[in-house]
Amino acid sequence: MKPIGPRFFARDADAVARALIGTTLMFGKSGGIIVETEAYDTTDPASHSYGERQTRRNAVMFGAPGHAYVYFIYGVHWCLNFVCKDASAVLIRALEPTHGLAAMARRRGNDDPRKLCSGPGKLCEALGITGVHNGLSLFAPPLALINRSRRPAIATGVRIGLTKAADLPRRYGLANSPHLSRGFPELPI
DNA sequence: GGGGAGATTATCT
DNA sequence: GATAATCTCCCCG
C-alpha cells in the first residue's frame with residue numbers, strides 16, 4: 001500500500017474520518033492504530049469553523065488540508081485534529097497503542113494499554129502533543145501516517161461531549177475495539 | 001461500575 | 001464573564 005499523501009485529506013471530513021480508521025499514526029517514536037474519529041465542518045454548529053467564522057484559534061482549519069489542528073480544552077487537555085477540505089477537520093479520539101508503549105505510559109502516568117490513548121485528551125498526553133504542534137504537516141517528522149492494509153468494518157454513532165448538534169452521527173470507529181473512548185451502541189454500518 | 005463535581009485556562013463575545 | 005470536541009477522582013451501593 002502507498003503511504004497516505006496530501007490528497008487523502010482533500011475531501012470532506014466524514015470521508016476522511018472513515019478512511020482513517022485502521023491507519024497508524026506516529027508521533028516521534030510513539031504511535032498507534034486510529035480506532036475512533038469524529039468529523040466537523042463549517043455547516044456544523046459544534047465545529048470551531050462553523051459558519052466559516054475565522055478566529056485566531058481556528059486559523060489552521062482554514063489552511064491547507066493535511067495539517068494538524070491542535071487546540072486546548074477545559075483548561076486541561078489538548079485535542080488533535082487533521083485538517084480536511086473547506087475548513088473541515090477530523091478529531092482523533094482514540095488509538096490502539098502499538099509503538100513506544102513505555103514512553104506513553106510514562107507521560108500518562110498509567111501503564112494500562114486501554115487507558116493510554118482511549119480519548120482525545122489522553123492520546124495527546126500519551127504522545128506528547130501540545131499547542132506547539134498546531135499547524136504541523138502530517139507528512140513530516142515528528143508526524144507520520146501509515147496506511148492500513150485492509151478496509152475495516154466501520155461503526156457509526158453520535159459524537160461525544162457536545163452541547164451543540166449532539167445528534168449528528170459523525171463519530172466513527174472500530175465497534176469492538178477495546179481501545180475506544182466509549183463503546184458504539186449502534187450497529188456497524 | 002456508574003454518576004457527578006471539580007479542575008483550570010486559551011479564546012472569544 | 002462565559003464557554004469548551006475532557007479527564008480523574010470520589011462517592012455510592
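Numbered from 1 within each chain, the chains take letters A, B, ... in sequence-line order.
A cation-pi arrangement is present between A/R11 and A/F8 under the rule of less than 6.0 angstrom and at most 45 degrees off the ring axis. A cation-pi arrangement, defined by a distance under 6.0 Å to the six-membered ring centre and an angle within 45 degrees of its axis, is present between A/R171 and A/F184. In this structure, A/R57 fails the cation-pi test against A/Y69, since its NZ or CZ atom is not both closer than 6.0 Å to the six-membered ring centre and inside 45 degrees of the ring normal.
Within 4.0 Å (heavy atoms only), A/R170 reaches no atom of the nucleic acid at all. At a threshold of 4.0 angstrom between heavy atoms, the contacts of A/G75 include nucleobase atoms, whether or not backbone atoms are also involved. Looking at heavy-atom distances under 4.0 Å, A/R159 makes no contact with the nucleic acid at all. Using a 4.0 Å heavy-atom cutoff across all strands shown, A/F72 reaches sugar-phosphate atoms only and no base atom.
Residue A/R53 places at least one side-chain N or O closer than 4.0 Å to OP1 or OP2 of B/dT13. The phosphate of B/dT11 (OP1 or OP2) has no side-chain N or O of A/T55 nearer than 4.0 angstrom.
Between the side chains of A/R107 and A/S30, at least one donor-acceptor pair of N or O atoms lies under 3.5 Å. A donor atom on one side chain and an acceptor atom on the other are not found under 3.5 Å apart for A/D86 and A/S88.
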Return one dot-bracket line describing DNA chain C 5' to 3' (Watson-Crick or G-U wobble pairs, both distances under 3.5 Å; ( ) same strand, [ ] crossing, | another strand, . none).
||||.|||||||.

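Summarising the geometry, the separation between CG on A/D112 and C1' on B/dG1 is reported as 15 Å, rounded to the nearest angstrom. Atom CD in A/E125 sits about 14 Å away from atom P in B/dT8, given to the nearest Å. Spacing between atom CD1 of A/I73 and atom C1' of B/dG6 amounts to 16 Å, rounded to whole angstrom units. Across the protein-nucleic acid pair, A/H48 atom NE2 and B/dT11 atom C1' stand 10 Å apart, rounded to whole Å.
Across every non-hydrogen atom of A/V70 and A/T130, the tightest pair is CG1-O, 3.6 Å. When all heavy atoms of A/T55 and A/N58 are compared, the closest pair comes out as N-OD1, 2.8 Å.
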Criterion ring-ring contact (aromatic ring centres under 6.0 Å, His included) on A/H48 and A/Y40, from CA distance to verdict
CA-CA 8 Å; A/H48 290 173; A/Y40 295 85; 7.5 Å; no

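When each of A/R93, A/H179, A/R182 is paired with A/E36, the side-chain hydrogen bond (donor to acceptor under 3.5 Å, both in side chains) condition holds for A/R93 and for no other.
Protein chain A contacts DNA chain C over a range whose 5' and 3' limits, counting nucleotides with an atom under 4.0 angstrom from a non-hydrogen atom, are C/dA4 to C/dT8.
Closest-nucleotide positions on DNA chain C for A/T163 and A/K115 were compared, and the one nearer the 5' end corresponds to A/T163.
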